[in-house]
Participant: 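Once you've had a glance at the structure underneath, I'll fire off some questions.
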There are 2 protein chains.
Amino acid sequence: MELTKENVLKALSHVLDPDIKKDLVTLGMIENIQIEGNQLAFTVMLTTPACPLKELIKNDCLKAIEKHLGEDIEVEVEMSSHVTTTRDNTPLLPGVKNIIAVASGKGGVGKSTVTANLAVALAKSGAKVGVIDADIFGPSMPTMFNCEHEQPGIKKVGEKNLIMPIEQYGVKLISIGFLTPAENAVVWRGPMASSALKQFIADTEWGELDYLLIDLPPGTSDIHLTLVQTVPVTGAVIVTTPQKVAIADAQKGLNMFKQPQINVPVLGVIENMAYFTPEELPDNKYYIFGQGGGKKLAERFDVPFIGEIPLVQGIREGGDLGYPAIMKEGIVADAFAKVAESTAQRIAIRNAEKKETKKVEINA
Amino acid sequence: MELTKENVLKALSHVLDPDIKKDLVTLGMIENIQIEGNQLAFTVMLTTPACPLKELIKNDCLKAIEKHLGEDIEVEVEMSSHVTTTRDNTPLLPGVKNIIAVASGKGGVGKSTVTANLAVALAKSGAKVGVIDADIFGPSMPTMFNCEHEQPGIKKVGEKNLIMPIEQYGVKLISIGFLTPAENAVVWRGPMASSALKQFIADTEWGELDYLLIDLPPGTSDIHLTLVQTVPVTGAVIVTTPQKVAIADAQKGLNMFKQPQINVPVLGVIENMAYFTPEELPDNKYYIFGQGGGKKLAERFDVPFIGEIPLVQGIREGGDLGYPAIMKEGIVADAFAKVAESTAQRIAIRNAEKKETKKVEINA
């Protein structure tokens with residue numbers, strides 16, 4: 001075949017996106033085809049910069065060109081990305097492509113640690129990321145991002161005063177921790193807490209974001225209901241540890257999102273503290289909290305198992321010192337990077353397969 | 001001195017209760033003095049059956065009799081107990097001597113595990129114990145007490161239908177887990193959850209109890225406010241793990257009880273998961289979550305440090321299997337027994353030193 005734009009597209013229509021199971025041309029992922037003599041360049045627009053299949057897709061493209069257009073073409077493939085969304089006509093947060101709830105049911109399973117590391121990992125991959133710390137009674141983000149003493153500015157936009165999120169490690173953050181002294185207990189009944197969350201959503205200058213992660217508190221109450229009633233949530237990630245009492249609560253969290261009137265797609269389950277590994281004896285894995293509980297939970301509810309994170313002293317220390325573990329090289333960073341890629345992949349698949357989530361309108 | 005009732009009381013008035021720092025006679029702790037020839041018998045009524053100073057007090061009594069009444073008396077000291085209370089004129093739960101809130105601020109620090117083990121330890125010592133599982137969104141007590149499939153009966157008392165608590169391992173229990181299927185999420189706003197708690201307090205047949213433990217959910221919101229507004233709480237125990245983000249939340253929990261309008265005495269801090277010990281390498285202590293955080297918290301707020309519990313696989317397994325770790329011999333059972341004794345001691349001291357707690361009347 002002759003080297004023309006048309007033939008390049010024909011060749012590339014044999015390459016499937018392995019997740020979405022459609023070809024790259026139909027998916028509109030091929031852009032910017034340039035031909036000069038026997039030199040060909042084009043761009044593959046992935047659905048997320050954190051795509052774990054980047055290399056695979058690139059290779060498939062090279063092979064398809066070679067097979068259908070011949071071996072003597074010099075090919076340059078640029079891998080870029082354009083994060084997909086189903087949030088096209090939303091009055092609230094119109095610039096935010098995906099709103100992801102990070103939930104657990106049970107507290108203390110490392111939901112905030114996972115949120116912080118997911119956020120930094122996605123930002124490192126090139127995505128625009130924000131985090132709402134919706135744990136009004138136990139905000140951890142300011143500590144985990146080492147910005148406990150920051151105070152968000154206020155910007156007048158039209159008639160409205162908007163809160164400016166704090167920016168740290170490439171992530172935009174808002175937390176009640178920035179607005180009240182750390183030692184003080186916020187002893188509020190639900191409606192007060194809910195109105196704080198509404199402010200974090202509606203009265204904060206989020207601008208353009210690929211992913212806005214919501215770190216939810218434990219339980220299934222006011223904050224959770226307020227979230228799904230305020231904005232359509234793209235999907236939820238369930239964090240659990242392997243033991244029975246945690247799985248039992250994670251199940252409740254999962255069931256909440258699956259309730260017909262709430263109906264937020266569950267992107268998958270992340271198992272945290274899967275096993276403990278002493279740093280000097282890395283081959284010893286202690287299944288302190290049991291084994292495989294997260295995977296079993298995912299199977300039982302027929303949702304993807306996104307991945308597991310080991311329990312290593314460094315993770316906790318990173319959180320306490322204000323440097324998410326993903327920022328240091330090692331087995332933990334690798335585990336978090338993988339989990340972030342799989343999460344991004346799950347979001348892309350969800351956006352390809354399902355329509356937008358509807359805001360919950362019932363008066364629950 | 002002659003062996004008379006009067007002289008026995010004189011002799012024993014030299015023995016101090018080491019905690020309350022008053023003598024046993026003034027405290028009314030000597031009962032049932034019986035004299036026959038040179039044989040003397042009496043009963044020491046301790047303020048709790050779990051008194052850690054039992055042996056010490058008994059020895060002090062023997063020594064005082066020997067010193068003041070001579071060596072040739074045959075003495076038999078019976079150690080009994082009568083749990084003290086400051087809840088004398090309370091319309092709600094009049095038969096309950098002490099209501100103890102177990103709180104944490106942060107979830108997942110093992111608050112429910114500590115509550116279950118405290119309860120069983122106190123019951124084993126001879127006390128009458130009840131537990132309200134106030135974690136409406138993540139009830140753990142049914143699993144931890146291996147009675148997930150029990151259903152509480154209803155008893156008609158006068159005009160009222162009272163819920164009959166489940167009894168297991170000598171402890172009376174109530175939990176939302178007995179009333180809803182385990183997998184279902186209880187997606188309720190605060191007022192619904194609060195009214196469940198009120199039922200557990202007011203519409204449950206508790207009868208006579210020395211200690212009613214309330215296992216609180218994480219946070220500082222509806223359930224916490226409802227508790228202190230419904231009944232006067234004798235005292236609160238704060239459970240934390242050593243890491244910074246947990247301590248930060250424990251602080252909030254502690255501060256809530258110390259707020260002038262709430263004013264519930266804080267009995268002390270229990271540090272859970274103080275270190276991890278593999279069962280085959282018991283000398284290796286891994287301070288996974290940091291070291292000494294609980295003690296520092298207690299010092300900073302000038303409240304007692306009640307004790308620490310190590311992280312051992314057996315604790316979690318006990319919880320998951322429905323047998324609290326205190327029921328098996330070993331380092332963990334020892335640690336929990338000590339913590340239970342110290343807690344009972346702290347309650348006795350609180351009752352001796354302070355007046356009753358007032359129910360919170362504000363409209364918070």
Side-chain angles (χ1 to χ4, degrees), chain A residues 104-110 112-113 135-140 143-144 182-191 193-194 217-222 224-225 241 243-246 248-249 251-257 259 262 276 278 284 286-290 311-313 316-317 319-321 364, chain B residues 104-110 112-113 135-140 143-144 177 182-191 193-194 217-222 224-225 241 243-246 248-249 251-256 259 262 276 278 284 286-290 311-313 316-317 319-321 364:
Chain A
S104 65
K106 188 165 168 59
V109 300
S112 300
T113 304
D135 197 346
I136 306 294
F137 304 107
S140 305
T143 302
M144 294 201 169
E183 295 205 346
N184 284 26
V186 174
V187 189
W188 285 348
R189 287 204 177 264
S194 291
T220 50
S221 188
D222 292 86
H224 310 77
L225 285 169
T241 49
Q243 80 268 37
K244 193 174 163 193
V245 290
D249 290 0
Q251 233 167 246
K252 290 177 197 290
L254 223 157
N255 261 329
M256 172 181 65
F257 290 113
Q259 286 193 358
I262 291 180
F276 167 66
N284 291 21
Y286 295 102
Y287 291 90
I288 306 183
F289 298 113
L311 175 57
V312 177
Q313 204 145 329
R316 195 273 312 161
E317 283 168 2
D320 275 4
L321 292 170
Chain B
S104 67
K106 186 164 169 60
V109 300
S112 300
T113 303
D135 197 345
I136 306 295
F137 304 107
S140 304
T143 302
M144 294 201 169
E183 295 205 349
N184 284 26
V186 175
V187 190
W188 285 348
R189 288 205 176 264
S194 292
T220 50
S221 188
D222 291 85
H224 309 77
L225 284 169
T241 49
Q243 79 268 37
K244 194 174 164 191
V245 289
D249 289 0
Q251 232 166 243
K252 289 177 197 291
L254 223 157
N255 262 328
M256 172 182 63
Q259 287 193 359
I262 291 180
F276 167 65
N284 290 22
Y286 295 102
Y287 292 90
I288 305 182
F289 298 113
L311 175 56
V312 177
Q313 205 146 328
R316 193 273 310 159
E317 284 169 0
D320 275 3
L321 292 172

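Reminder, nothing fancy here: chain letters follow the sequence lines and each chain counts from 1. Bear in mind the structure is a predicted one, so any value in this text is a computation, not a measurement.
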Participant: How long is the straight-line distance from CZ of A:Phe289 back to CG of B:Asp320, given to the nearest 0.5 Å?
Facilitator: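 Reported value, rounded in 0.5 Å steps: 10.5 Å.
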Participant: Please look at B:Pro217 and chain A and tell me whether the side chain, the backbone, both or neither of the residue comes under 4.5 angstrom of a heavy atom of that chain.
Facilitator: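 It is neither, since no heavy atom gets under 4.5 Å.
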Participant: Quick one: which of A:Asp135, A:Leu321, A:Asn184 has the most heavy-atom pairs under 4.5 Å with chain B, could you say?
Facilitator: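 Among A:Asp135, A:Leu321, A:Asn184, the one with the most close pairs to chain B is A:Asn184.
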Participant: List the residues meeting salt bridge (charged side-chain N to carboxylate O under 4.0 Å, His left out) with B:Asp249, not counting sequence neighbours, and say none if there are none.
Facilitator: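 Checked B:Asp249 against salt bridge (charged side-chain N to carboxylate O under 4.0 Å, His left out); zero matches.
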Participant: Working to the nearest 0.5 angstrom, can you tell me the gap between A:Ser221 OG and B:Ile136 CD1?
Facilitator: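 It comes to 10.0 Å.
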Participant: Between B:Thr113 and A:Val245, is there a side-chain heavy-atom distance shorter than 4.5 Å?
Facilitator: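 They are not in contact (no side-chain heavy atoms under 4.5 Å apart), so the answer is no.
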Participant: Minimum heavy-atom separation for A:Ala185 to B:Lys252, with atom names?
Facilitator: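 Scanning both residues, the minimum pair turns out to be CB-O, 3.0 Å.
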Participant: So which of A:Gly290, A:Pro218, A:Ser140 has the largest heavy-atom pair count under 4.5 angstrom toward chain B?
Facilitator: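 Looking at each option in turn, the highest pair count goes to A:Gly290.
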Participant: Can you find a heavy atom in the side chain of B:Val187 that is under 4.5 Å from one in the side chain of A:His224?
Facilitator: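 B:Val187 does not reach A:His224 side chain to side chain.
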Participant: Among residues at least two apart in sequence or on other chains, which ones pass side chain to side chain donor-acceptor pair (under 3.5 Å) with B:Asn255?
Facilitator: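 Side chain to side chain donor-acceptor pair (under 3.5 Å) check on B:Asn255 returns nothing, list empty.
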Participant: Provide the closest heavy-atom pair for B:Trp188 versus A:Leu225 in the form atom of the first, atom of the second, distance.
Facilitator: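 That closest heavy-atom pairing would be C-CD1, 4.3 Å.
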Participant: When rounded to the nearest 0.5 angstrom, what distance separates OH in A:Tyr286 from CG in B:Leu311?
Facilitator: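 One gets 12.5 Å once the value is rounded to the nearest 0.5 Å.
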Participant: Tell me, for A:Ser194 versus chain B, whether the close heavy atoms (under 4.5 Å) come from the side chain, the backbone, both or neither.
Facilitator: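 Just the side chain, heavy atoms under 4.5 Å.
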